[in-house]
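Below is one structure, written out as structure tokens; comments come after it.
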Amino acid sequence: MTYGWTGNVLKVNLTSGALANEPLDAKTAEQFIGSRGINSYLAYRYIKPGTDPLGPENVLIFGVGPLTGTLAPASGRWTVTAKSPMTGILGDANAGGHWAPELKYAGFDHIVIEGRAQRPVYLFISDGRGEIRDASHLWGKDTWETTELIREELGDPEVKVACIGPAGENLVKFACVISERTRAAGRTGMGAVMGSKNLKAIAVRGTGPVQIARPQEFGEAALKIHRTLRYDWPAYEGMSTQGTAGLVAAGLAIGWLPVRYFRSTVFPPDAVSGETLVKKYKVQSVGCFGCPVHCSHYYAVREGAYRGTTGEGPEYETIVAVGPKCGIGELDAILYMTNLVNRYGLDSIDTGNAIAILMDLKERGFISDRDADGLDLTWGRTETAIALIHKIARREGIGDLLAEGSLKTAQKYGPAAEAGVWHIKGLGNISVEMRALKGANLGYATSTRGLDHLRGMCVPEEVQLPPEAGEALYGIPEIGDPDTYARKAEGVVWLEKFTASAGASGICLFNTAWICAPLGPRELAELLTAATGVDYSEDRIFKAGARIYNLERAFLAREGITRADDYPPAIVFEQPIPDGARKGAVIDRAKYDEELDDYYRRMGWDTATGIPRRETLEALDLGYVAEELAVLGKLPEV
Amino acid sequence: MVRVTVRFIGHLAALARTREQVFEPDPPVLEELFRQVDRATGGRLAGELYQAGDRQQLHKANIFLINGREARFLAGLQTALDDGAVVTFMPPLVGG
């Protein structure tokens with residue numbers, strides 16, 4: 001009997017059509033916890049260095065965690081992992097909703113998908129068994145149509161569907177996987193990997209239980225943290241009413257919300273704010289599985305050019321990516337575009353980056369409207385942004401280039417054009433002005449999937465978490481001060497390790513210390529221990545997180561990533577913020593170097609190469625990784 | 001005379017019944033600005049300015065930005081205010 005985990009992995013070979021149920025190795029489960037953690041372990045094991053991300057040899061892995069589908073708060077997350085076609089390194093993305101618990105109830109922790117189907121197929125998983133089904137009739141359908149057609153075909157409206165839209169079919173490098181119409185596993189192009197395998201969807205239906213090792217203890221721990229989140233978390237009210245859209249006000253007040261592709265941080269305060277979203281368009285709050293925070297919204301546009309638009313979301317990142325970052329301030333149009341990217345199956349962040357870089361290239365004189373099929377590339381042109389979304393998803397005209405991502409798009413116009421692209425390791429910037437935050441850069445730069453805010457530290461600085469709260473949550477009073485470099489490496493390491501374990505457990509980071517919420521390592525250890533019966537102390541939470549992070553870093557090292565890749569774009573060191581509350585802010589390169597040195601030392605990595613040292617890997621039970629890096633000539637010399 | 005623009009966000013704007021107002025704190029420090037804001041809003045904001053009624057303690061959850069920088073990373077209630085400063089009163093907002 002396994003507790004927490006189902007103990008089962010479904011292996012699928014799309015080339016041969018073979019399916020097999022395999023046991024989840026108990027030691028691997030304990031060490032890597034689940035979801036992102038075990039996915040990364042399996043990716044390291046199965047994906048060889050140099051693998052073509054869109055070739056049949058890439059391996060696509062879906063995973064949930066031991067807390068998934070339980071009473072633990074927001075235990076509805078799933079992770080999809082593969083080598084990324086966007087970056088050429090480790091790719092993964094994570095989404096909420098109800099698909100993850102359904103997979104767990106169907107009896108599986110992970111799905112490992114190899115090969116390539118000869119024709120479009122989808123996978124149906126139900127109560128302990130998987131089945132490959134024809135999807136020829138679904139090819140070309142968007143994610144909403146696909147979801148409904150599969151439910152009709154299977155005759156069960158409770159089936160949960162994770163699928164790709166036309167963007168994934170057309171191998172758009174930042175295509176995502178969408179479940180339940182709006183829950184996007186957005187980043188790093190996992191939808192393109194799915195498309196490359198001719199895999200349209202994974203439908204799941206389960207009626208089984210999740211066995212809990214110590215039910216009474218688990219119920220008490222879960223109830224305690226539910227109550228703490230609801231009644232003791234100061235940000236609960238804002239998060240549960242405005243969701244992440246509330247950050248728009250904070251970003252504008254503090255001066256880190258990017259406007260017109262990082263040309264400005266000033267924008268009309270009410271245009272796209274969370275308050276405006278709630279007042280004009282919100283119908284009701286929406287929560288994912290078991291979530292007390294319910295940060296999402298159903299929305300409806302009742303008048304104007306986009307009348308009749310209804311959907312769910314949008315997150316802060318989507319609002320700003322296709323909004324102010326492109327100079328667009330019409331919230332109804334942003335809601336319309338949110339639906340478009342969800343239906344096509346596009347990552348909203350890199351869709352916004354692609355549109356914005358085109359407008360940026362025009363402003364810098366590298367292209368004209370003629371290069372964009374005659375579209376008006378002036379900042380703020382909503383009709384242009386909408387047209388470009390269609391073109392990207394269909395790879396039509398200029399969309400074929402944009403579908404390669406903002407970096408590849410700029411590279412076509414030469415080194416000077418490329419120098420203006422905001423990215424790290426090929427993944428486009430999130431909707432935060434990096435120059436405004438002295439420590440968050442380090443987290444973005446050392447993220448193991450490219451520029452990303454969901455692995456390291458950013459929220460404390462973004463909201464200027466007061467010193468008392470910084471001390472209470474992280475033991476670091478300075479963590480919320482965006483203008484100091486002091487102790488930021490310590491904060492990044494703390495959050496990278498904690499976040500790796502929290503994500504691996506199957507719960508949503510938006511309930512945890514990642515977002516300054518009161519579910520920290522102690523609470524996570526209590527939940528995991530009671531659920532699984534394995535003794536997860538706070539130390540073990542951090543050790544498991546370190547193990548996941550080191551393994552992911554080793555994956556990157558195998559692909560050639562070194563210290564040189566752990567830097568923000570040069571522009572953040574050279575050009576100060578031109579306006580707004582943080583006018584004049586810039587990142588000091590020497591101090592960033594010191595931060596990075598401090599970070600490597602704390603991680604036990606070689607400061608010259610940024611690669612984990614043998615003793616670090618061995619202390620984390622990753623001796624086999626050290627051996628492989630040594631064989632490849634990557635292991636740092638003592 | 002120092003003129004300071006105060007911006008209120010979220011439910012703090014609802015309590016203040018305005019989103020923006022200009023004050024002239026004398027002496028020009030945050031402590032005096034808080035007194036003026038408290039008076040101007042008829043005491044409705046007192047519970048959001050101070051921690052548990054202690055007028056020497058900033059409310060522990062709300063954020064008070066002076067030109068975009070939290071007061072507790074400056075000199076707290078003794079932070080000097082320059083002419084033209086923008087002070088933002090913001091409830092705790094998070095996201096990602």
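Since the structure is predicted, the reported quantities are computational estimates derived from the model, not experimental observations. Convention: sequence-line order gives letters A, B, ...; per-chain numbering from 1. Computed from heavy atoms alone, side chains included, the values below leave out hydrogens, waters and symmetry copies.
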Side chains of B:Met90 and A:Val463: does their closest heavy-atom pair fall under 4.5 Å? no
Between CD1 on residue A:Ile254 and CG on residue B:Asn67, distance to nearest 0.5 Å: 12.5 Å
Heavy-atom distance under 4.5 Å to chain A: side chain of B:Ile63, backbone, both or neither? side chain
Given a strict heavy-atom distance threshold of 4.5 Å, which part of A:Pro477 is in contact with chain B: side chain, backbone, both, or neither? backbone
Under 4.5 Å, counting heavy-atom pairs only, tell me which of A:Gly480, A:Ala469, A:Ser431 racks up the most with chain B. A:Gly480
Residue among A:Gly255, A:Ala253, A:Gly238 with most heavy-atom pairs under 4.5 Å to chain B: A:Ala253
Of the backbone (N, CA, C, O) and the side chain (C-beta and beyond), which part of A:Gln464 lies under 4.5 Å from a heavy atom of chain B, both, or neither? both
Choice from B:Pro91, B:Ala61, B:Gly10 maximising heavy atom contacts with chain A below 4.5 Å: B:Gly10
Within 6.0 angstrom of B:Arg17 CZ, more than 12 heavy atoms from elsewhere: no
Surrounding CZ of B:Arg39 (heavy atoms of other residues, nucleotides or ligands, distance under 6.0 Å), is the total greater than 12? yes
Does any backbone or side-chain atom of A:Asp452 lie under 4.5 Å from a heavy atom of chain B? Answer side chain, backbone, both or neither. neither
Which atoms of A:Trp256 come close to chain B, meaning under 4.5 Å heavy atom to heavy atom: side chain ones, backbone ones, both, or neither? neither
State, with a plain yes or no, whether a side-chain heavy atom of B:Ile9 is found less than 4.5 Å away from one of A:Glu275. yes
Heaviest contributor of heavy-atom pairs below 4.5 Å to chain B, chosen from A:Pro466, A:Ala517, A:Gly580, is A:Pro466
Where does A:Leu509 contact chain B at under 4.5 Å (heavy atoms): side chain, backbone, both or neither? neither
To the nearest 0.5 Å, what is the distance between CG on A:Asp483 and CD on B:Glu70? 12.0 Å
A:Trp233 versus B:Val94: any side-chain heavy-atom pair under 4.5 Å? yes
Salt-bridge test for B:Arg69 and A:Asp481: reply yes if a basic N is under 4.0 Å from a carboxylate O, no otherwise. yes
Could you report the tightest heavy-atom contact between A:Gly246 and B:Leu93, atom names first, then the distance? O-CD1, 3.3 Å
